[in-house]
Participant: 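One structure, as structure tokens, below. Some questions next.
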Amino acid sequence: MFAPKPQKPQKPKERGRLIILSFLAALVCGVYILQLMNFQIVRGEEFLAKTQQMTVSTIAVKAGRGEITDTNGEPLAQNKVGYNIVFYYSFLPSGEERNRIIAELIEMLEETGEDWHDPLPISLEGEPEFISGREDDVALLKEKLGVNVYATAADCMYNLRSSEFFDIGEEYDDLTARKIAGVRYGMVLADFSVNNNQYTFAEDVSTETVLKVKELSYQFPGVDIVDEDIRIYPDGDLAPHIVGVVGQMYAEQYYGDPDNGIEGYRDKGYPMNALIGRFGIEQYMEETLHGVDGVMTVEQNQDGTILSETITQQPESGSNVGLTIDAKFQARVQEILADYISYLRSLPDDPDGDDNGNQVVGGAVVVLDVNTGAVLAAVTAPTYDLNNYFTDYNELAAQEDLPMLNRAFDGLYRPGSTFKTVVAAGALTEGIISPSDTVTCRRVYTYYDYIPGNTFRPTCLGYHGDISVVRALTVSCNIFFYDVGRRLGIDKIQEYAHFFGLGTDTGLELSTATGGISGPDRSELLGTTWQPGNVCQTSIGQMDTAVTPLQLATQAMTLANRGTRYRTHLIKEVRSYDDSEVLTTTEPEIMSQFSMSDETYAAICSGMIGAAQSVPELESTLGWKTSLSDLGYDVALKTGTPQVTNTTFSSSAIAFAPADGAEIAIGILLERGANARNIVRPILEAYAEIIKGEAPAEEEPVSSEESAE
């Protein structure tokens, strides 16, 4: 065995270092232990309370919404930075205190003449009444309240004021209670809750209001001012039915209807407080324009003071949508239509009691590019200003002349004699007649006299003798088309009408009325009985045929293209937010086609040129010429006088020009108006000047002699 080797003793210097290091380590540990004791034991309850009082929430950072522009890039819908008054659910008091805050904010806005969001479809003043034209909104209100369908507006207001709903006490008069209820109801529709923390009470308020709200912020817990993009419309009355508006979504739109396969905006990543397109291009191109919202994480204390804001997801701006419409041309056509309607209304009553158009209700004009189907202008009268859509909504909805109806795309009217071109094309193409064949017109159609006791003997406005298709189109002979239409048959009439885009889908991006063409199937649908003689009335554009002005323009385009019908479209292209890149472009697309021979086209075109050359010069205060015979090129025109009642009529017209090598097609309908042909020339001149850039022709003195049609 060996004895252990003795250890070498440490030097005093090394021992001192170990002692110092041990002391420092003990000191540091002691400090941390004391601090932990302070946090957890001494001040534990204080920090726990602060943690419980702090709220962390996420707020959508709105992406820049893309612009809507005309074909030249001129903005029709754009953004500006504005101030919104918003409520935060986490900090907004409930019950009576919430009603007080709303009432005081409303009073503040009224002092500065500003508006707030109020979707309640009940009148503001007087005895409660449902607002006319808002039937769907009324039905939704009754559903939300759980009342029966027969409940009156007063019943609904009683429920809204009750403790079961908004608990609006007796200290508020009826008018103030109605205003509070309107705001509270808007919160219900928006599902204002913990999950949807932000609600926009008022948009684009003035600096004066902003300063007041901030100054009195202690009186308004849960109320804040946020600066956001505000949608504006530089020319609000220019194509409002097409451009559309944005507004707050309803809970039903947010959640959708999964049981019926309807996707909601929640499934698309939208926050509940997002603004969405309500109609028009704003709605149709919503997801393209909207972009992708970002996310901001916000920490707030119990008083609502923001402690920190952190953008955790950057927003992605939406894309710009360029339309085919030329804003200047649209404005000019709109002015032409409005001026002509004013002119008609200024006419004295006809001394013989005839309908001279002075009871005109409204009208529409659609102009298409013949070679692409692009909409160059689509005008509806009367119109309104998009910038005032929400503030004027109740008034607009109640007006008898229906300014919110898009007559160009959704108005359904009998086409009248413009339909005769369809019958002519069908009969010539099917070999029922040739251009030289004639029908004898003795003013009364007697074909059905072979039926014992027949009383159906439709008439013509003239006595034309033996007449061919060219002359029949020029003078609009009813007898010719009664007979030719009868021989062609209702099935073929419907087939060719659809070829021309009548009573069928034209392919436009926006939702449009389809209408229909008279026939046994349509009679059954409308609950009437089809009679053999009805084919005669169908042949001249009467009976149950209903078309839109867009379809009239499509008919003219198809005639000009000798049977080729292009898809009508409003969207020219989609561009990046900074306009640096064209993302998509709409190309011409053929919707339907039939072979129209040169002989058939020549016959129809000749008849329409003859009709155009017979348009008289009109002495009036309009400021434009109406004659179509001295433009330097031929115009193909067909007019119609569709019957509304036994004593009232509307006026229609289709045209394309130049007749040889057409560029544009026009469809016009004047509801209870007269002589729609009189606005064809100024539209053609506006097209030449604005679209083609041609200098306007020098005006010649208008003849003092007025001709009759």
Side-chain angles (χ1 to χ4, degrees), residues 57-65 77 79-93 98-99 101-110 112 114-120 137 166 179-207 209-210 212-214 217 220-233 245-254 265-266 270-278 282 286 289-291 293-296 298 300 304 306 309 315 318 386-391 393:
S57 58
T58 58
I59 298 176
V61 179
K62 291 186 179 180
R65 190 174 180 85
N79 306 314
K80 74 168 186 177
V81 177
Y83 297 104
N84 294 347
I85 301 177
V86 300
F87 297 159
Y88 291 113
Y89 186 86
S90 303
F91 306 104
L92 188 68
R98 178 174 294 189
N99 292 336
I101 291 172
I102 292 172
E104 291 184 8
L105 287 172
I106 288 174
E107 184 178 359
M108 184 184 299
L109 290 177
E110 287 180 328
T112 54
E114 297 176 273
D115 301 304
W116 60 92
H117 185 52
D118 181 351
L120 189 62
D137 294 335
F166 303 145
K179 294 173 183 176
I180 294 172
V183 176
R184 296 290 301 271
Y185 181 62
M187 295 178 180
V188 171
L189 292 180
D191 192 26
F192 185 50
S193 62
V194 173
N195 296 324
N196 297 294
N197 187 48
Q198 183 177 327
Y199 175 78
T200 301
F201 164 70
E203 291 183 309
D204 198 19
V205 297
S206 64
T207 304
T209 298
V210 170
K212 283 184 180 180
V213 172
K214 288 185 175 293
S217 59
F220 304 131
V223 179
D224 196 10
I225 299 289
V226 297
D227 55 325
E228 295 181 330
D229 282 345
I230 305 295
R231 200 64 160 174
I232 60 170
Y233 304 92
V245 293
V246 296
Q248 292 181 327
M249 73 175 79
Y250 296 150
E252 289 77 7
Q253 294 172 305
Y254 180 66
Y265 282 103
R266 176 181 63 173
Y270 280 56
M272 182 68 201
N273 64 340
L275 298 179
I276 60 170
R278 288 289 188 85
E282 292 277 28
E286 166 57 37
L289 292 163
H290 182 83
D293 288 350
V295 177
M296 176 184 289
V298 180
Q300 296 169 291
I306 295 176
E309 296 178 331
L386 276 177
N387 293 301
N388 302 324
Y389 176 80
F390 291 105
T391 56
Y393 183 88

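Just the heavy atoms: all of them, side chains too, but no hydrogens, waters or symmetry mates, feed the values below.
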Participant: Not counting sequence neighbours, which residues clear side chain to side chain contact (heavy atoms under 4.5 Å, CB included) with Val194? List them please.
Facilitator: Tyr89
Participant: Is Leu92 close to Arg98 at the side-chain level, that is, under 4.5 Å between some pair of heavy atoms?
Facilitator: yes
Participant: Does this structure show an ion pair linking Arg278 with Glu286, if we count only N-O contacts that are shorter than 4.0 Å?
Facilitator: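 No, Arg278 and Glu286 are not salt-bridged.
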Participant: Once you round to the nearest 0.5 Å, how far does CD1 of Ile232 lie from CG of Asn79?
Facilitator: 8.0 Å
Participant: Which atom names give the shortest non-hydrogen contact between Ala202 and Leu109, and what distance separates them?
Facilitator: CB-CD1, 3.9 Å
Participant: With Asp229, which residues qualify under side-chain hydrogen bond (donor to acceptor under 3.5 Å, both in side chains), at least two apart?
Facilitator: none
Participant: Just to verify, what does Tyr233 make a side-chain hydrogen bond (donor to acceptor under 3.5 Å, both in side chains) with, not counting sequence neighbours?
Facilitator: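 For Tyr233, the residues satisfying side-chain hydrogen bond (donor to acceptor under 3.5 Å, both in side chains) (neighbours in sequence not counted) are Glu282.
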Participant: Mind checking side-chain hydrogen bond (donor to acceptor under 3.5 Å, both in side chains) for Glu104 and listing every partner two or more places apart, or none if nothing turns up?
Facilitator: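 So Glu104 forms a side-chain hydrogen bond (donor to acceptor under 3.5 Å, both in side chains) with Arg100.
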Participant: Run the side chain to side chain contact (heavy atoms under 4.5 Å, CB included) test against Thr112 and tell me which residues pass, sequence neighbours left out.
Facilitator: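 With sequence neighbours excluded, Thr112 shows a side chain to side chain contact (heavy atoms under 4.5 Å, CB included) to Glu114, Glu208, Thr209, Lys212, given in chain and number order.
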Participant: First locate atom OH of Tyr393, then atom CG of Asp137, and finally report the distance between them rounded to the nearest 0.5 Å.
Facilitator: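 Rounded to the nearest 0.5 Å, the OH-CG separation comes to 5.5 Å.
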Participant: Measuring from Gln248:CD to His117:NE2, what's the distance to the nearest 0.5 Å?
Facilitator: 4.0 Å
Participant: So, for Gly186 and Pro119, which heavy atoms are closest and what is the spacing to 0.1 Å?
Facilitator: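 Looking at all heavy atoms of both residues, the shortest contact is CA-CG, 3.5 Å.
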Participant: How would you list, by chain and number, every residue that makes a ring pair (Phe, Tyr, Trp, His ring centres under 6.0 Å) with Tyr199, sequence neighbours excluded?
Facilitator: Phe192
Participant: Is there side-chain contact between Leu289 and Val246, with at least one heavy-atom pair below 4.5 Å?
Facilitator: no
Participant: Taking only residues two or more places apart in sequence or in another chain, which ones pass side-chain hydrogen bond (donor to acceptor under 3.5 Å, both in side chains) with Tyr254?
Facilitator: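 By the side-chain hydrogen bond (donor to acceptor under 3.5 Å, both in side chains) rule, Tyr254 matches no residue at all.
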Participant: Residues two or more places apart in sequence or in another chain: which of them pass side chain to side chain contact (heavy atoms under 4.5 Å, CB included) with Glu110?
Facilitator: Ile106, Trp116, Lys179
Participant: Looking at side-chain heavy atoms only, is the closest gap between Val86 and Phe201 below 4.5 Å?
Facilitator: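 The answer is no; the side chains never approach within 4.5 Å.
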Participant: With rounding to the nearest 0.5 angstrom, report the CZ to CD1 distance, Phe220 to Ile102.
Facilitator: 11.5 Å
Participant: Which heavy atom of Ala63 sits nearest to which heavy atom of Pro315, and what is that distance?
Facilitator: CA-CB, 3.9 Å
Participant: So which pairs with a foot in residues 182-206 pass salt bridge (charged side-chain N to carboxylate O under 4.0 Å, His left out), sequence neighbours left out?
Facilitator: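 The answer is Lys80-Asp204.
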Participant: Please check if the side chain of Asp224 supplies one atom and the backbone of Tyr88 the other of a donor-acceptor pair under 3.5 Å.
Facilitator: no
Participant: What is the distance from atom CG of Leu275 to atom CZ of Arg231, rounded to the nearest 0.5 Å?
Facilitator: 10.0 Å
Participant: Considering all heavy atoms of both residues, which atom of Ala274 and which atom of His290 are nearest to each other, and what is their separation?
Facilitator: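 Ala274 and His290 have their closest heavy atoms at CB-CE1, 4.2 Å.
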Participant: More than 12 heavy atoms of other residues, nucleotides or ligands under 6.0 Å from OH of Tyr83: is that the case?
Facilitator: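 It does not: Tyr83 OH has 12 such atoms or fewer within range.
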Participant: Using the test ring pair (Phe, Tyr, Trp, His ring centres under 6.0 Å), find all partners of Phe166 that sit at least two apart in sequence or belong to another chain.
Facilitator: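 Ring pair (Phe, Tyr, Trp, His ring centres under 6.0 Å) list for Phe166, sorted by chain: empty.
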Participant: State, with a plain yes or no, whether a side-chain heavy atom of Thr200 is found less than 4.5 Å away from one of Ile85.
Facilitator: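 No - every pair of side-chain heavy atoms lies 4.5 Å or more apart.
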Participant: Could you tell me which residues satisfy ring pair (Phe, Tyr, Trp, His ring centres under 6.0 Å) with Phe390, sequence neighbours excluded, listed by chain and number?
Facilitator: none
Participant: Using side chain to side chain contact (heavy atoms under 4.5 Å, CB included) as the criterion, list what pairs up with Asp115, not counting sequence neighbours.
Facilitator: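 Result, side chain to side chain contact (heavy atoms under 4.5 Å, CB included) vs Asp115: Thr391.
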Participant: Rounded to the nearest 0.5 Å, what separates atom CG in Leu120 from atom CD1 in Ile180?
Facilitator: 12.5 Å
